[in-house]
Amino acid sequence: MRRTHNRFAPGPRHFLDWPAARRPRPRDHGALLLFDHRGKAPMSGPNNEFDPVEVTPLKAEEVEAMTEAALAAVAAATDLDALKQVRIEHTGDRSPLALANREIGALPPQARKDAGQRVGKARGAVNQALAARQAVLEAEHEERMLVEETVDVTVAVDRRPRGARHPLTTGAERIADVFVAMGWEIAEGPVLEAEWLNFDALNLGPDHPARTMQDTFWTDPAENHVVLRTHTSPVQARTMLTRTPPIYVACPGRVFRTDEYDATHSPMFHQVEGIAIDEGITMAHLKGTLDHFAAAMFGEGISTRFRPSFFPFTEPSAEVDLVCFVCRGTAVDADGATCRTCRGEGWIEWGGCGVMNPRVLVACGVDPERYTGFAFGMGIDRTLMFRHGVEDLRAFFEGDVRFATAFGTEI
Amino acid sequence: MKAPVSWIREHVDLPADVTTEELARRLTDLGLKLEAIERPGHDITGPLVVGRVLTKSPEPQKNGKTINWCTVDVGDANGTGEPQGIVCGAHNFEPGDLVVVVLPGGVLPGDFAISARTTYGHLSAGMICSAAELGLPAGFGGASDGIIVLPPDAGAPGDDAFALLPLRDEVIEFEINPDRAYALSLRGVAREAALAFDAPYADPVDRPVPAADGEGHPVVVDDPDGCPVFVARTVSGFDPTAPTPDWMARRIQLAGMRPISLAVDVTNYVMLETGRPIHGYDADKVTGALRVRRATAGERLTTLDGTDRALSPEDLVVTDDSGIIGLGGVMGGETTEMSSTTTRVLVEAAHWDAVSMFRTGRRHKITSEAGKRNERGVDPTICEAAADRVVELLVAHGGGTADAGVTVVGTPPAPAKVTVAADLPARVSGIDIDAATTRRHLAAVGCGVGGDDAALDVVVPPWRPDLTDPFDMVEEVVRIVGYGAVPSVLPTPTAGRGLTREQRLRRRVGRALAGAGLVEVVSFPFTGEAALDALEVPADDERRRTVRLANPLSTEEPSYTTTLLTGTLAAAARNTGRGMPGIALFETGTVAFASDVAAPLLGVDRRPTDDELAALLGALPRQPLHLAVVLGGQRDNPGWWGAGRDADWVDVVGVVRDLAGELGVEVQVENDQLAPWHPGRCAKVVLVGVDGTRTTLGHAGELHPRVVARLGLPARTSAAELDLDLLLAAVPDAVRGPVFSTYPVAKEDVALLVDAAVPAGDVEAALREGAGALLESLRLFDVYTGAGVPEGSKSLAFALRFRALDRTLAEGEAAAARDAAVALATARTGAALRG
């Protein structure tokens, strides 16, 4: 059942229309005193007679007695409520001192000054005492409240589970940040890609043996020449076709191959591709970039090495290895056992790279006489697996919240 | 490619102290990547000795087998010199034969430790070994079955068998890249080893060959482009029962192939040695001239693997008078196959067009050792030498004689020539490489190098068809100089512009959703009809227009998905199945909708024109970036603070609205009906453009109870899917800093009665518009039906806050604005102020 909102029964109003009694008030009790002046007692009229009248309450000893009684009551108040009562009784409109004060007007003019000073001094002393006592009692009250409100802060406070971003997302972002910091930009492309961009433009002609190395998902019908991209390299081609050198871009993205799904293979995985095209680019710039990338991802002093390899879109081509960031190339761990991260190799296979094949430059409209370039690519999933000791690739794709939650929102 | 080190050393004179690891490392540095080092026989430990069988007593057993109780003289190997008693199950030996005996304490492959043990009533102290038990190829020692019987002159009892048998070797397995097909042979591997160690090299094809005389088996080549060279030789009087010599069988075995028969083994051996695939025909089954031509449509051939194949007009075939007898360079036919009765062998060593080989292999799905080499490119100049080597080995081990005739049709193509700027290796590598170094290294890989010190004229060696471009020469030079010499230099890019707007926004989406307690998942985008059926997506829905894959991994999921929900909901169900009390997931990814347009295959000799490029890109399927959100089960945990709370449609619509709010995009929601959502709890999320256009961003709400039950999700699981591209495009570029009033706020609450079917969103919109500029905020804080509200109506309670920028509102101003708001709501939605 739903709640009713009966407060609307009389019809909504602006608060200024409300009766005074329902108007909001300041909430502390001290301020309530402000309102107490409203209930005034009738006053004695002024005494304009020359006939001096002895007014008992204004006698010095009477005033002194009232004062002492008030001060004693103040001192005797043990809590704020008692003090409030004392305040009403000894400073309120009907208190002896207030009543005495009213009688001053009845005195002959020559006596008024004297009596006024006497009563004023007395009321001042009482108010001062009240204020002092108020401060003491408030401090005591606060102290007591704080003790009473003590809780066990060690109890569980997990009202709502924490969210997280996927390490593949944050990993790609981390990589992107490394390159953006170097002045590079991040380029992207679609996963359903034109066969021409995925293969032909990259010097992988229809009969190139390397096409069989890439176990490609073809879309139906094959005559439409659309594939699930097998690498992020078509983004290279797209970038060259749409930008003019100098070009420095990194392209993280999702790629597909017809691999059966197991602990180290997946039909879908992620790569980051990098290309630089400029005048005078050499393999040395490739090495420098990858060394910097390695150090940024795996720590100062972690560098790379090249081994000759083959990729149709680069020439010369190299495989790039990373100094093992755990054993730092010693192949043994801290206990002297074979390093588990690099399996005792001292190096970790990281990816492929090379100098941009001039044939690719030609197909993509870059003048190979003026520009040279380099390209590299590595698996993001694989990089994260060894960086974070993930044993089974499938952990990335199962969606178990415990996996992503461990990585939080940055990696 | 598996290369036994002993075989490599036969062709290159490596220093004796070069270890296999060092050799593998140096070859890897040159581009022959080490895959693995195998050490066959190194898992055998002695004592493994020669023994002479003294006695052999057959003893029939109850299980029907007969075992032989033997005594064997093992010399002093057993420490006593006494005959060794051994039970043996094999029968292919007699007393007096020399055999191989492993004595107690020895270990055979598979960590098989030998000890004296009682079996069949005897204490058997050791084992008489078979080829298989020692890891040697079947038939080793001439015995096709049973134990190894050594030749009578092999040695004396007690001799160490390791010295006698090729038990131990080291084999380097290389991963050969497509450009280094020459290294699919010992010839090529040894050449690289010679390069690595600057060691003397003996080329196995460097042999004198008999000249072509036109007297050999007649051959006609109709397609010289497809088959530039065809060499035919014949061996007659061959003994088909002659065994393959042990050393050859062992090498074939170590190289990863299976010894079959002498004639077949010889062709394989020569292929491994030289890289040139050889085909052998039973010459008596060949009728008339061999002819090489392309097949014609409709022709068929049963290849020697027993498969009947329909041939393509692109396939190169070999024919004789009987018709087609082989797929040239790929696989022979059944009718002329060599057999156990073949006494005349017709040897074919032909050079085939690599592209044609590749296409035929792919077309017929044939992968073979021969095809692998032919399609990558083989040295066209070695056909005669390879054929001669085959003839030599057949004659040497199978008897018979080489027929006098030698047929050679065609000539190898002229070597390729490439002009290379002498400084190109330095300019490309960044290493200081002078012209002399370039010359020296190119010569070392077999190139002829001419020209001057500005431009080198390079003649490519015939075994390197991969060397066609100047940059190919750079790789050759630099790999010898060493990739380790490449300096590390950071390039200096031009100033970058940072992340793009979309890239930044995507990060923002992820952070906002994670901040709302959602966990990101990544699912495969593969889907199928069953998955869409499970979501009750109608047949005519756009989401049925999936992009189908020609070769899906699973027939259940043959398509690229149109909706992320299939994957995200599966992840949700998985988490539920694993005992998570609540699920709060999100996923971003592209989906795709099928396109009927074909993408052109353009040329690669120039940049495509802008029109060509536009046509190419325009042909791709539409691939919007989507966002999926799933919330189900426990959203707020129960605890000492009180009860928990399960997620429902409010949470998911809230996530969507909050995300839009975070991005500064104004969205509206409408009631809608769409699978897989609950028909009464589905919100269409609409983007309203500045011009009033309404674009559907997606849907959010509670899933249909049937879908929830079918997928095994918690009751009331809710989900959303949005087109993130559309949402992000609507994000304002730069938020203007807000100006707000610090004057006292005037609050007005209104309760309105409306028809139950009127969407609260419409009432809210009308109030907002009617309230005018003084309205600071408006919030629906209650919805009520029940006592006091007529049947078919509902009461909506809104809190309005008014404030002016420049003054405290005068008495009545807020009320007037409120009244105007209510008036418009009344006009638009029939709302009545509750009295």
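Below, each value reflects all heavy atoms present in this structure, side chains not excepted, and no hydrogens, waters or symmetry copies. All chains are named by letter (A, B, ...) in the order of the sequence lines, taking the proteins before the strands, and each is independently numbered beginning at 1.
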Heavy-atom distances under 4.5 Å only: say whether B:Pro487 touches chain A with side chain, backbone, both or neither.
-> both
Using non-hydrogen atoms and a 4.5 Å limit, figure out which bit of B:Thr468 sits close to chain A: side chain, backbone, both or neither.
-> side chain
Quick one: what part of B:Leu617 sits under 4.5 Å from any heavy atom of chain A, side chain, backbone, both or neither?
-> side chain
Using non-hydrogen atoms and a 4.5 Å limit, figure out which bit of A:Glu319 sits close to chain B: side chain, backbone, both or neither.
-> side chain
Sort B:Arg180 into side chain, backbone, both or neither according to what part of it lies under 4.5 angstrom from a heavy atom of chain A.
-> neither
Contact origin within A:Val226 toward chain B - heavy atom pairs under 4.5 Å | side chain
For the candidates A:Val155, A:Asn357, A:Val180, A:Ile247, which exhibits the highest count of non-hydrogen atom pairs separated by less than 4.5 Å from chain B?
-> A:Val155
Can you tell which part of A:Asn203 gets under 4.5 Å to a heavy atom of chain B, answering side chain, backbone, both or neither?
-> neither
Side-chain contact, heavy-atom cut-off 4.5 Å: B:Pro491 with A:Asp278?
-> no
Of the listed A:Phe179, A:Phe256, A:Trp184, the one with the largest count of heavy-atom pairs under 4.5 Å with chain B is A:Phe256
CG (A:Asp367) with more than 12 external heavy atoms under 6.0 Å | yes
What part of A:Ala276 is in contact with chain B, defined as an atom under 4.5 angstrom from a non-hydrogen atom: side chain, backbone, both or neither?
-> neither
When the 4.5 angstrom heavy-atom criterion is applied to A:Val401 and chain B, the contacting part is both
Could you look at B:Asn575 and say if it's the side chain, the backbone, both or neither that has a heavy atom under 4.5 Å from chain A?
-> side chain
What part of A:Thr304 lies closer than 4.5 angstrom to a heavy atom of chain B: side chain, backbone, both or neither?
-> neither
Enclosure of B:Arg574 CZ (heavy-atom neighbours >12, cutoff 6.0 Å) | yes
Check whether A:Ser309 gets within reach of chain B through its side chain, its backbone, both or neither, counting any heavy atom under 4.5 Å.
-> both
Going by heavy atoms in the side chains, are B:Pro558 and B:Leu549 under 4.5 Å from each other?
-> no
Contacting moiety of B:Leu585, where chain A heavy atoms sit under 4.5 Å | side chain
Honestly, the part of A:Pro206 sitting under 4.5 Å from a heavy atom of chain B is backbone
Counting only heavy atoms closer than 4.5 Å, note whether A:Phe403 contacts chain B via side chain, backbone, both or neither.
-> neither
With a 4.5 angstrom heavy-atom cut-off, could you sort out which part of A:Ala222 is near chain B: side chain, backbone, both or neither?
-> neither
Between A:Arg257 and A:Asp259, does at least one N-O distance fall below 4.0 Å, as a salt bridge requires?
-> no
Are B:Arg479 and B:Glu476 within salt-bridge range, i.e. N to O under 4.0 Å?
-> yes
Applied to residues 511-522 of chain B, the side chain to side chain donor-acceptor pair (under 3.5 Å) test, sequence neighbours excluded, yields A:Thr169-B:Glu520, A:Glu410-B:Arg511
In Å, rounded to the nearest 0.5 Å, how long is the span from CD of B:Glu612 to CG of B:Leu616?
-> 9.5 Å
Selection from A:Ser266, A:Gly280, A:Pro358, A:Gly408 maximising heavy-atom pairs under 4.5 Å formed with chain B = A:Pro358
Top residue by heavy-atom pair count (under 4.5 Å) with chain B, among A:Glu398, A:His292, A:Arg254?
-> A:Glu398
Rounding to 0.5 Å, atoms CG (B:Asp749) and CZ (B:Arg818) come to a distance of 10.0 Å
When rounded to the nearest 0.5 Å, the distance separating CD of B:Glu175 from CG of B:Leu34 is 10.0 Å
Pick whichever of A:Arg159, A:Glu193, A:Lys287 has the most heavy-atom pairs under 4.5 Å with chain B.
-> A:Arg159
Sort out for me which of A:Ala404, A:Ala194, A:Pro246 touches chain B most, counting heavy-atom pairs under 4.5 Å.
-> A:Ala194
Does A:Arg305 come within less than 4.0 Å of A:Asp321, counting only side-chain N to carboxylate O?
-> yes
Counting only heavy atoms closer than 4.5 Å, note whether A:Tyr248 contacts chain B via side chain, backbone, both or neither.
-> side chain
Checking heavy atoms, do the side chain of B:Thr590, its backbone, both or neither come under 4.5 Å from chain A?
-> side chain
Who are the ring-ring contact (aromatic ring centres under 6.0 Å, His included) partners of A:Tyr261, not counting sequence neighbours?
-> B:Phe524
Which bit of B:Asp469 comes within less than 4.5 Å of chain A, counting heavy atoms only: side chain, backbone, both or neither?
-> side chain
Turns out that what part of B:Pro552 lies under 4.5 Å from chain A's heavy atoms comes down to backbone
Go through the atoms of A:Glu315 and report whether side chain, backbone, both or neither lie under 4.5 Å from a heavy atom of chain B.
-> both
